[in-house]
Amino acid sequence: MSFHDLHRPGDPLLLPNAWDYGSAAALAAQGFAAIGTTSLGVAAVHGRPDAAGATRAETVELAQQMSGLDVMVTVDIEGGFSDDPAQVSDLVASLAALGVAGVNLEDGRPDGTLRPMALQQEIIEAALGHGVFVNARTDTCWLKTGDTLERVRAYGHADGIFVPGLGDPGEIAEVVAATPLPLNVLYQPGGPSLARLAEAGVARVSTGSLLYRASLQGALAAVLAVQGRPSPPVPSYADVTALLPRS
């Protein structure tokens, strides 16, 4: 079965996201068919800012390490670590050579804006043709800017569509109806269940940074328990990024 075949609307792929070899190996041992990486986790492990194009080498290194696991791997490459389509093409080709099955390619920028649509279309096109599933991520909901349906339709030449922050089942169904591509959403604690997302036509559900953030909560809970102190909540994305270097 190919990685593309795992994307079944109504029977979504649950994709856990790893941040280092140990977390990837632990997830693989649980029998998941595919594992993704999380850019926040990779950035935090290496003391770099997230979504700032600062972890290209570290991302490739993790992909190489994970290639030894008996599991399909998809890699979060942020915005491709470049605005040059040729450089993005070279990066995806190098990941394909490692046996990577997919990449996430986002249009959000560190300043809270979206990459110009025409440029993002070129970058998606450049990432195609290497035998790698290109999951085109639009950050319209995440950044609360732009038109989601317009972006989803504009990225119709990709292999899949990812809209993190999309959580309302009615809005999800609207996006599903707007594209023939399999839709990927981000699992949100307190949001729709996996079964409800399946009913809305979702084909892939990612955990994003959740597992990494939960691991931080577990570590803090363990050490605070030694002192008899209460467990903290799972830190938010903003909580973790506030701990990281800004550049």
Side-chain angles (χ1 to χ4, degrees), residues 3 14-30 32 34-69 71-83 87-88 90-110 115 123 127 132-137 139 142-143 162 164-165 184 186-187 204-220 234-247:
F3 185 58
L14 176 59
L15 184 81
N17 297 82
W19 57 93
D20 61 8
Y21 180 83
S23 58
L27 291 167
Q30 291 299 312
F32 288 97
I35 299 171
T37 66
T38 163
S39 66
L40 176 65
V42 173
V45 165
H46 295 282
R48 303 289 178 84
D50 183 34
T55 56
R56 185 186 191 279
E58 293 83 358
T59 297
V60 173
E61 181 181 15
L62 178 56
Q64 185 171 22
Q65 293 170 345
M66 290 173 65
S67 68
L69 298 171
V71 65
M72 297 182 194
V73 175
T74 181
V75 180
D76 183 347
I77 58 172
E78 299 185 4
F81 299 110
S82 175
D83 279 336
Q87 290 187 18
V88 175
D90 289 344
L91 170 61
V92 176
S94 68
L95 291 170
L98 295 174
V100 164
V103 294
N104 270 5
L105 192 54
E106 67 198 46
D107 59 8
R109 287 178 153 170
R115 181 181 271 154
I123 287 176
V132 171
F133 185 102
V134 177
N135 203 35
R137 167 176 154 175
D139 286 340
W142 199 250
L143 299 176
F162 183 20
N184 180 193
L186 188 67
Y187 176 75
R204 170 167 151 188
V205 179
S206 301
T207 59
S209 66
L210 175 61
L211 305 187
Y212 174 71
R213 292 184 288 109
S215 77
L216 293 182
Q217 188 272 342
L220 290 173
V234 175
S236 67
Y237 177 89
D239 291 335
V240 177
T241 55
L243 299 173
L244 303 181
R246 298 188 181 278
S247 60

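Heavy atoms only: backbone and side chains are in, while hydrogens, waters and symmetry mates are out.
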Checking N184 against S206: is there a side-chain donor and acceptor pair closer than 3.5 Å? yes
- Item | Any side-chain heavy-atom pair of M72 and L15 under 4.5 Å | no
Interatomic distance, OG1@T207 vs CG@L186, rounded to 0.5 Å, equals 7.5 Å
| query | Is any side-chain heavy atom of T37 less than 4.5 Å from a side-chain heavy atom of M66? | reply | yes
Correct closest heavy-atom pair for A63 and V100 would be CB-CG2, 4.0 Å
* Asked: Between L62 and V45, is any pair of side-chain heavy atoms under 4.5 Å apart?
  -> no
Hits for side-chain contact (heavy atoms from CB on, under 4.5 Å) against L143, two or more places apart or cross-chain, chain-then-number order -> L114, D139, T145
Closest heavy-atom pair, G79 versus L105, reported as atoms and distance to 0.1 Å, is C-CD1, 3.6 Å
Decide yes or no for V92 and I77: does some side-chain heavy atom of the first lie under 4.5 Å from some side-chain heavy atom of the second?
yes
E106 meets the salt bridge (Lys or Arg N to Asp or Glu O under 4.0 Å) criterion, sequence neighbours left out, with R137
Any V132 side-chain heavy atom under 4.5 Å of F3 side chain: no
Sorted by chain and number, sequence neighbours left out, ring pair (Phe, Tyr, Trp, His ring centres under 6.0 Å) with Y187 holds for none
For A93, the side-chain contact (heavy atoms from CB on, under 4.5 Å) test, sequence neighbours excluded, returns H130
Side chain to side chain donor-acceptor pair (under 3.5 Å) filter on S236, not counting sequence neighbours, yields D239
For A18 and L27, the nearest pair of non-hydrogen atoms, with its separation, is CB-CD1, 4.1 Å
Q65 meets the side chain to side chain donor-acceptor pair (under 3.5 Å) criterion, sequence neighbours left out, with none
The ring pair (Phe, Tyr, Trp, His ring centres under 6.0 Å) partners of Y212 (sequence neighbours excluded) come to W19
| request: Kindly indicate whether the side chain of R48, heavy atoms from C-beta on, has any atom under 4.5 Å from the side chain of P245. | output: no
Heavy atoms of I35 and A28 approach each other most closely as CD1-N, 3.5 Å
* To do: Could you walk me through whether D83 and R109 pass side-chain contact (heavy atoms from CB on, under 4.5 Å), step by step?
  => CA-CA 11 Å; D83 279 336; R109 287 178 153 170; 3.2 Å; yes
Per-pair distances, 0.1 Å, donor-acceptor, side chain in residues 49-57, under 3.5 Å, sequence neighbours excluded:
unit_1, atom_1, unit_2, atom_2, d
D50, OD1, S39, OG, 2.7
D50, OD1, L40, N, 3.4
D50, OD2, Y237, OH, 2.5

Residue set satisfying side-chain contact (heavy atoms from CB on, under 4.5 Å) with V60, at least two apart, ordered chain then number -> L91, L95, L98
Sorted by chain and residue number, the side-chain contact (heavy atoms from CB on, under 4.5 Å) partners of A26 (sequence neighbours excluded) come out as none
With a 4.5 Å cut-off on side-chain heavy atoms, are I123 and R115 touching? yes
Exercise. Spell out, as yes or no, whether a donor-acceptor pair under 3.5 Å connects the side chain of S82 to the backbone of V88.
Key: no
Between Q217 and P235 the two heavy atoms that sit nearest each other are CB-CD, 4.0 Å
Side chain to side chain donor-acceptor pair (under 3.5 Å) filter on D20, not counting sequence neighbours, yields S23
* Please say whether more than 12 non-hydrogen atoms of neighbouring residues, nucleotides or ligands are located less than 6.0 Å from CD in Q64. => no
Across all chains, not counting sequence neighbours, the side chain to side chain donor-acceptor pair (under 3.5 Å) partners of N104 are N135, R204
